[in-house]
Amino acid sequence: MKDSLKNTLSQIDIKQFQHDLISWFIEEQRDLPWRKDADPYKVWVSEIMLQQTKVDTVIPYFDRFLKKFPTIESFAAADDEAVLKIWEGLGYYSRVRNLHSAVKEVVGNYGGVVPDTQEEISKLKGVGPYTAGAVLSIAYGKPEPAVDGNVMRVLSRIMLIREDIAKASTRKVFEAAVRELIDHEHPSFFNQALMELGALICTPTSPACLLCPVRDHCLAFEDGVQSELPIKSRKKKTRHVDLIATVLKNNKEEFLIRKRPNKGLLAGLWEFPNVERNIHFEQSKAALQAYLIQDLQLETKLENGAFVRVDHVFTHLTWTIDAFAGELNPNIEIGQEYKLVTKDALEEYAFPVSHQKIWQAYKKQFA
DNA sequence: AAAGCGGGGCG
DNA sequence: CGCCCAGCTTT
C-alpha cells in the first residue's frame with residue numbers, strides 16, 4: 001500500500017465511518033427487485049445488467065429475465081436466439097453472451113452452484129474484478145472490494161485521491177482502500193452502501209453534501225474541493241459512418257433480414273441489409289442498387305426516396321442510416337446469414353435499437 | 001495501456 | 001453537444 005493511502009486512512013475513524021454509512025443505507029436504500037433476496041444467480045444477473053447501465057433502465061429487464069429464466073438451470077438451457085432477444089435494447093450484448101456461457105459452465109461443472117471464491121468465480125466469462133467482488137460480498141457475505149465508478153467517485157472525494165480514474169491501474173488503489181475500510185461484519189451492506197451513496201448523494205455533478213451521512217469523514221468536503229473530484233481524463237472523439245439500409249419484401253409478405261457476425265459491434269444481432277455509403281456515390285439509391293446487385297445478387301425495385309433517416313449514437317461511433325423500401329424477386333437465392341421471415345416472425349429476432357426504429361417507421365408508412 | 005463495445009438521460 | 005452510468009475483453 002502507498003504511504004499516501006496509509007496517511008489518509010490514519011485520518012479516518014474507520015469504525016465510525018462504517019457505522020454512519022451502513023446506518024444510512026439501511027434507512028434510505030431504494031427498494032430494488034434484486035434486493036429481495038441474496039440468491040447468487042439473481043445477484044449475478046443483476047450485476048451484469050447494471051454494468052454501465054442505469055438502475056431505472058435495468059429494472060424492467062431484470063423482472064422480465066427472471067420471469068423467463070427463474071433458475072440458473074433454465075437459463076443454461078436457453079437457446080442462443082432467446083438469450084439475445086431477452087437482452088434486446090439493453091446494449092453491450094457480449095455481456096449476455098458471456099453470462100450464458102458462464103452459466104452453462106456453472107451448471108455443467110459446478111453443480112449449478114455459483115463459485116464462492118475469488119479464484120473460481122473470476123474464471124467465469126464476463127466476471128471481472130468488480131462483478132466478482134459484488135457477487136462474493138452481496139451473495140456470500142465475503143469482505144471483498146467491489147469497485148465501480150460510483151465507489152471510485154465516492155472514495156476519491158472522501159480520501160482526496162487524485163489519481164486518474166480513467167486509467168485501468170487506478171482501480172487497484174481503490175481496492176486497497178476498500179480492503180482497509182470494509183466492515184467485515186457487513187460486507188454486503190458496506191459495498192452496496194458505497195454505491196448507493198454514489199447514486200443518490202455523492203453524484204457526479206453537484207453532490208448533495210448537506211444530506212451526506214459521511215460528510216464528517218470527507219476530506220474533499222472539508223477542503224471544499226468535492227466538485228473537482230474525481231480526476232478523469234477525457235476520451236477521444238467518436239467517428240461517423242453513413243449507411244444505407246433496405247426493407248425488402250417479396251410477394252409472399254416475407255422480409256429479408258441478416259444476422260451480424262458473431263464478433264464485433266452488435267455481434268449476433270439481426271438487421272436489415274445495409275451497406276456503408278461510399279463518398280464517391282452521389283446518390284444513395286445508386287449505391288444501394290450497386291450493393292444489392294453485387295453483394296446480394298438481388299433483383300429489386302426500390303421506392304424513390306428513403307422512407308426514414310435514423311441517427312444513432314454509440315459510445316465510440318455514430319451512424320446515420322437512410323432506409324429504403326423495396327420489392328424482392330421471389331426466386332432469389334440468399335446466403336446462410338440471411339433469412340426471409342414474416343412480419344410476426346421478424347419481431348421474434350433481436351434487433352439493435354437503430355434497426356428497430358427503421359422497422360417502426362416502415363410499419364407506420366406501409367402497413 | 002488503450003481501444004472496442006449500447007443505449008438512455010441529463011445539463 | 002459531451003458526459004455519465006453497479007465494466008469486461010481483446011489487442
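Because the structure is a prediction, the values reported are computed rather than measured. In what follows, every chain begins at residue 1, and chains take the letters A, B, ... in the order their sequences are listed.
Between A:E254 and A:K343, no side-chain nitrogen of the basic residue sits less than 4.0 Å from a carboxylate oxygen of the acidic one, so the salt-bridge criterion is not met.
At a threshold of 4.0 angstrom between heavy atoms, the contacts of A:G198 with the nucleic acid are absent. Residue contacts shown for A:W34 include a base, since a base heavy atom lies under 4.0 Å away. Base contact: A:T315 has a heavy atom under 4.0 Å from a base atom. Heavy atoms of A:K167 sit nowhere under 4.0 angstrom from any nucleic acid atom. Nucleic acid contact class of A:T203 (heavy atoms, under 4.0 Å, all strands): none. Among the atoms of the strands shown, base atoms are found under 4.0 Å from some heavy atom of A:T53. Counting non-hydrogen atoms under 4.0 angstrom, A:V58 reaches nothing in the nucleic acid. No contact: A:R260 has no heavy atom under 4.0 Å from any strand. Across all strands, A:S169 comes closer than 4.0 Å only to sugar-phosphate atoms, never to a base (heavy-atom distances). Within the nucleic acid shown, A:F314 comes within 4.0 Å of sugar-phosphate atoms alone, with no base atom in reach, counting heavy atoms only. Counting non-hydrogen atoms under 4.0 angstrom, A:L317 reaches nothing in the nucleic acid.
The residue among A:K263 and A:L32 whose nearest nucleotide of DNA chain C is located toward the 5' end is A:L32.
Distances shown here put every side-chain N or O of A:R153 at or beyond 4.0 Å from the OP1 or OP2 atom of C:dC4. In terms of phosphate contacts, A:Q52 brings a side-chain nitrogen or oxygen within less than 4.0 Å of OP1 or OP2 of C:dG7. OP1 or OP2 of B:dC5 lies within a sub-4.0 Å distance of a side-chain N or O belonging to A:H316. For A:H312, no side-chain nitrogen or oxygen approaches OP1 or OP2 of B:dG6 to under 4.0 Å.
Rounded to whole Å, the P atom of C:dA6 lies 14 Å from the corresponding atom of B:dC10. Look at the C1' atom in both B:dG6 and C:dC5: the space between them is 12 Å, to the nearest Å.
Annotation: A:Y362 is not in aromatic contact with A:F272 [ring centroid separation under 6.0 Å not met]. Between A:W34 and A:F62, the ring center distance clears the sub-6.0 Å criterion.
At whole-Å resolution of the value, CG in A:D56 and P in B:dC10 are 9 Å apart. The CG atom of A:L50 sits 19 Å away from the P atom of C:dC4 (whole-angstrom rounding). Spacing between atom CG of A:L200 and atom C1' of C:dC5 amounts to 14 Å, rounded to whole angstrom units. A:L99 places its CG atom 19 Å from the P atom of C:dA6, with the value rounded to the nearest Å. When rounded to the nearest whole Å, the span between CG of A:D148 and P of C:dC4 equals 14 Å. What separates CG of A:L265 from P of B:dG7 is a distance of 8 Å, to the nearest Å. Taking atom CZ on A:R95 and atom P on B:dG7, their separation rounds to 10 Å, with Å as the unit. In this entry the distance linking CD of A:E47 with P of C:dG7 reads 9 Å, nearest Å.
Nearest nucleotide to the A:P352 side chain, out of B:dG7, B:dG8, C:dG7: B:dG7. Relative to the side chain of A:Q51, the nucleotides C:dG7, B:dG7, C:dC4 differ in distance, and C:dG7 lies closest. The side chain of A:Y130 lies closest to C:dG7 when the candidates are C:dG7, C:dC4, B:dG8. For A:Y93, taking side-chain heavy atoms from C-beta onward, the closest of the listed nucleotides C:dA6, B:dG7, C:dC5 is B:dG7.
By the 6.0 Å and 45° rule, A:R171 does not stack over the aromatic ring of A:F174.
Note that the CZ atom of A:F190 and the CD1 atom of A:I182 stand 6.0 Å from one another [nearest 0.5 Å].
With respect to A:R215, the side-chain contact (heavy atoms from CB on, under 4.5 Å) criterion is satisfied by exactly one of A:P213, A:C218, A:C212: A:C212.
Classified by interplanar angle (parallel below 30°, tilted 30° to 60°, perpendicular above 60°), the ring pair A:W319/A:H355 is perpendicular.
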